[in-house]
Amino acid sequence: MLGNGFDLYHNLLTHYDDFMTIAEYLSKKYNTIFYEEFNEINIYSELDDLAKTNEVIREKLLTYEDAYKETKINIDEYDNFLDKLHTNCWFKYFIDVKNRNGWVALENQVAEALQKFRQSNPIGMDSFSDAIKEKNNYDDAVFKHIKQYTFAKEENDDYYFEEYNEFTEILRQYLRIFVDNVLPQISNYYVFNNNYLKNNDYVLTFNYTNTYDELYDTESYIIHIHGRLDEAIVLGVNSDEYDNAGINDNRFIKYKKYYQRITKRTLDALVTLFTDVNSTTEHNSLFIIGHSLDVSDKDIITVIFDMFDVIKIYFHDDSALDSYVKNLKLIFGAEELSKMTFSQKIIFRKLPPNEYKKVNTNDQL
């Protein structure tokens, strides 16, 4: 079972801060320049100036420098991506919120915004309101009341969600342009020797990217639990008290992960795994790499854990191990977690170093 940490393990540009830093940089870079003026560029040259001032971006670009230089950017898709950056209300709001410590931070920011909408509370939402003003060409006379009627009227919920869908499309396009499109070039230049990642019957990935199938020669059956980049993707928040049975409030149900998994049918392939696991008497194991096991995925994590006899969780460092224990305690409770670790249903293992080398050379990278 893979999470975004798996892509980060391969040093790809998939951290939430990578996405927001690059997107914010490009929105400013092309604020007054029409992208149609350019003919052909590659990913490396497009991000080179940013990399000169951002050590994290520079280090990731240099990891697969040849592959990034070989990956050309589709002009039409890029132009569409940049247009959305300039007008999307959610994107401008996320720029203003400085916490970019992982994708869970994004989910928390969405949840906080929805709570403000529910309570008609515009405090701290100035960037969101300003974006609405700009996108809808409201004049100052109208806009002086924007905070009151924008946040108070329930009929505006559809507008928020249309903007949220557009933000989801911004993320999807970013990952296609700066991650998925470069993976074939990476596989041409580099060979990955992480044998413990190979020879799996199934791969459950919460990622939208195709990292596993592109970088590893495998016949595994790959299940994208939150969708993939050529289909609908799930980008939402955890359920809350308003989702409990008996509470008749569905205003923001479309933002919830459980709702999107059902309506976008991303869980259908999981039925195949469930049937297969339950039809065999053989011992089965689940290996978890790079998934935070955050409580926001509690509903699906508990279902998956219940399928397997042994669950091995690979952690990067002591801090990651600490987070895993805390998150699993929130999901299962301290007593149940202790039982699962004592019986060795759950086993923790240190994540081995990522072993890869450049094709046709003996130099370990």
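Values reported hereafter were calculated over all heavy atoms of this structure, with side chains retained and with hydrogens, waters and symmetry mates removed. Residues take their numbers from the sequence shown, with the count starting at 1.
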inquiry  = Please report the interatomic distance CD1(I22) to CD(E46), rounded to the nearest 0.5 Å.
reply    = 10.0 Å
ask   = Which distance, rounded to the nearest 0.5 Å, do you find between the NZ of K72 and the CG of N74?
value = 13.0 Å
ask   = Mind checking whether Y196 and Y314 have parallel, tilted or perpendicular rings, split at 30° and 60°?
value = tilted
inquiry  = With no hydrogens and no angle check, just 3.5 Å: does a side-chain donor-acceptor pair link N238 and S296?
reply    = no
request  = Compare all side-chain heavy atoms of D83 with those of T87 and state whether any distance is below 4.5 angstrom.
outcome  = no
message = To the nearest 0.5 Å, what is the distance between CG on L106 and CG on L235?
response = 5.5 Å
message = Over 60° means perpendicular and under 30° means parallel, so tell me whether H291 and F206 are parallel, tilted or perpendicular.
response = perpendicular
inquiry  = Can you confirm whether S239 sits close enough to Y259 that some side-chain heavy atom of one is under 4.5 Å from a side-chain heavy atom of the other?
reply    = no
request  = Would you confirm whether T266, through its side chain, and I262, through its main-chain N or O, come within 3.5 Å as a donor-acceptor pair?
outcome  = no
Validation row: I223, V203 side chains within 4.5 angstrom (heavy atoms) = no
request  = Could you tell me whether a side-chain N or O of Q173 sits under 3.5 Å from a main-chain N or O of Y78, the two making a donor and an acceptor?
outcome  = no
request  = Return the orientation label for the Y212 and F6 ring planes: parallel under 30°, perpendicular over 60°, tilted otherwise.
outcome  = tilted
request  = Go through the steps to decide whether N42 and T71 satisfy the test side-chain hydrogen bond (donor to acceptor under 3.5 Å, both in side chains), and finish with yes or no.
outcome  = CA-CA 5 Å; N42 61 64; T71 306; over 6 Å; no
key: Close side-chain approach of L293 and D297, heavy atoms under 4.5 Å   = no
query = What is the minimum heavy-atom distance between I346 and I313, and which atoms define it?
reply = CG2-CD1, 3.8 Å
ask   = Hey, are K69 and D66 close enough for a salt bridge, meaning a charged N less than 4.0 Å from a carboxylate O?
value = no
request  = Please report the C-alpha distance between R228 and D213 in whole Å, then the side-chain angles of each, then the deciding distance to 0.1 Å, and finally whether the salt bridge (Lys or Arg N to Asp or Glu O under 4.0 Å) criterion is met.
outcome  = CA-CA 12 Å; R228 57 195 307 162; D213 29 340; 3.7 Å; yes
K312 charged N/C atom sitting above F287 aromatic ring, 6.0 Å / 45° = no
query = Do NZ/NE/NH1/NH2 and the carboxylate oxygens of K326 and D322 come within less than 4.0 Å?
reply = yes
inquiry  = Any carboxylate oxygen within less than 4.0 angstrom of a Lys/Arg side-chain nitrogen, looking at E231 and K264?
reply    = no
query = Just checking, any donor-acceptor pair under 3.5 angstrom between side chains of E219 and N199?
reply = no
query = Relative to each other, are the rings of Y64 and Y356 parallel, tilted or perpendicular (30° and 60° limits)?
reply = tilted
inquiry  = Show, in sequence, the C-alpha distance, side-chain angles and deciding distance for D240 and K256, and conclude whether the salt bridge (Lys or Arg N to Asp or Glu O under 4.0 Å) test is met.
reply    = CA-CA 9 Å; D240 56 27; K256 305 303 173 68; 3.4 Å; yes
ask   = For the side chain of Y44 and the backbone of L62, is there at least one donor-acceptor N/O pair under 3.5 Å apart?
value = no
key: Salt-bridge criterion met for D299 and R261 (N-O under 4.0 Å)   = yes
SB check K345 D309 (cutoff 4.0 Å) = no
request  = Give me the ring orientation class for Y164 and W90: parallel if the planes are under 30° apart, tilted from 30 to 60°, perpendicular past 60°.
outcome  = perpendicular
ask   = Can you check whether A320's main-chain N or O pairs, donor with acceptor, with D317's side chain at less than 3.5 Å?
value = yes
key: Smallest separation among heavy atoms of L12 and D18, with atom names   = O-OD2, 3.8 Å
remark   = Closest non-hydrogen atoms of I95 and R100, given as atom of the first, atom of the second and distance, are O-NH2, 3.7 Å
ask   = Quick one: do the D180 and T209 side chains pair a donor with an acceptor below 3.5 Å?
value = no
query = Would a 4.5 Å heavy-atom cut-off, applied to side chains only, mark L8 and H316 as touching?
reply = no
inquiry  = One thing to verify: whether R251 and D158 come together as a salt bridge, which I'm taking to mean a side-chain N less than 4.0 angstrom from a carboxylate O.
reply    = no
key: N188 side chain vs P184 backbone, donor-acceptor pair below 3.5 Å   = yes
message = Under 3.5 Å, is there a donor on one side chain and an acceptor on the other for K92 and N88?
response = no
ask   = When the aromatic ring centroids of H10 and F192 are compared, is their separation below 6.0 Å?
value = yes
inquiry  = Is the shortest side-chain heavy-atom distance between D268 and R265 below 4.5 Å?
reply    = yes
ask   = Do you know which of F117, F167, Y242, F161 makes ring pair (Phe, Tyr, Trp, His ring centres under 6.0 Å) with Y255?
value = F161
ask   = Between G290 and Y324, what is the shortest heavy-atom contact and its length?
value = N-OH, 4.1 Å
remark   = The reported gap from CG in L229 to CD1 in I233 (rounded to nearest 0.5 angstrom) is 6.5 Å
ask   = Can you tell me how far OG of S27 sits from NZ of K84, rounded to the nearest 0.5 angstrom?
value = 15.0 Å
Check against side-chain hydrogen bond (donor to acceptor under 3.5 Å, both in side chains), Q185 and Y68 = CA-CA 8 Å; Q185 295 294 342; Y68 283 117; over 6 Å; no
ask   = Side chain of N278, backbone of F274: donor and acceptor closer than 3.5 Å?
value = yes
inquiry  = Quick one, L270 and L204 - any side-chain contact, counting heavy atoms below 4.5 Å?
reply    = yes
ask   = Does any non-hydrogen side-chain atom of K357 lie less than 4.5 Å from one of Y190?
value = no
Sub-6.0 Å ring centroid separation between F19 and F178 = no
inquiry  = For a quick check under 3.5 Å, do N99 and Q109 share a side-chain donor-acceptor pair by atom type?
reply    = no
key: Gap separating the CG atom of L2 from the CG atom of D7, nearest 0.5 angstrom   = 8.5 Å
Worked check of side-chain hydrogen bond (donor to acceptor under 3.5 Å, both in side chains) between Y216 and N194 = CA-CA 9 Å; Y216 293 89; N194 302 305; 2.9 Å; yes
message = Between Y202 and Y221, is the ring centroid distance below 6.0 Å?
response = yes
ask   = If only atom types and distance count, is the side chain of S45 paired as donor or acceptor with the main-chain N or O of I41 below 3.5 Å?
value = no
task = For the pair S220 (side chain) and I222 (backbone), establish whether a donor and an acceptor sit closer than 3.5 Å, ignoring hydrogens and angles.
result = no
query = How far apart are the closest heavy atoms of K298 and L330, and which atoms are they?
reply = NZ-O, 4.4 Å
inquiry  = What verdict does the salt bridge (Lys or Arg N to Asp or Glu O under 4.0 Å) test give for K339 and E335, after you've listed the backbone C-alpha separation in whole Å, the side-chain angles of each residue and the deciding distance to 0.1 Å?
reply    = CA-CA 6 Å; K339 288 180 180 179; E335 183 177 353; 3.8 Å; yes
message = Taking the basic N atoms (NZ, or NE/NH1/NH2) and the acidic carboxylate oxygens, is any pair closer than 4.0 Å for R176 and D230?
response = no
Closest non-hydrogen atom pair between E77 and N181, with its separation = OE1-ND2, 4.3 Å
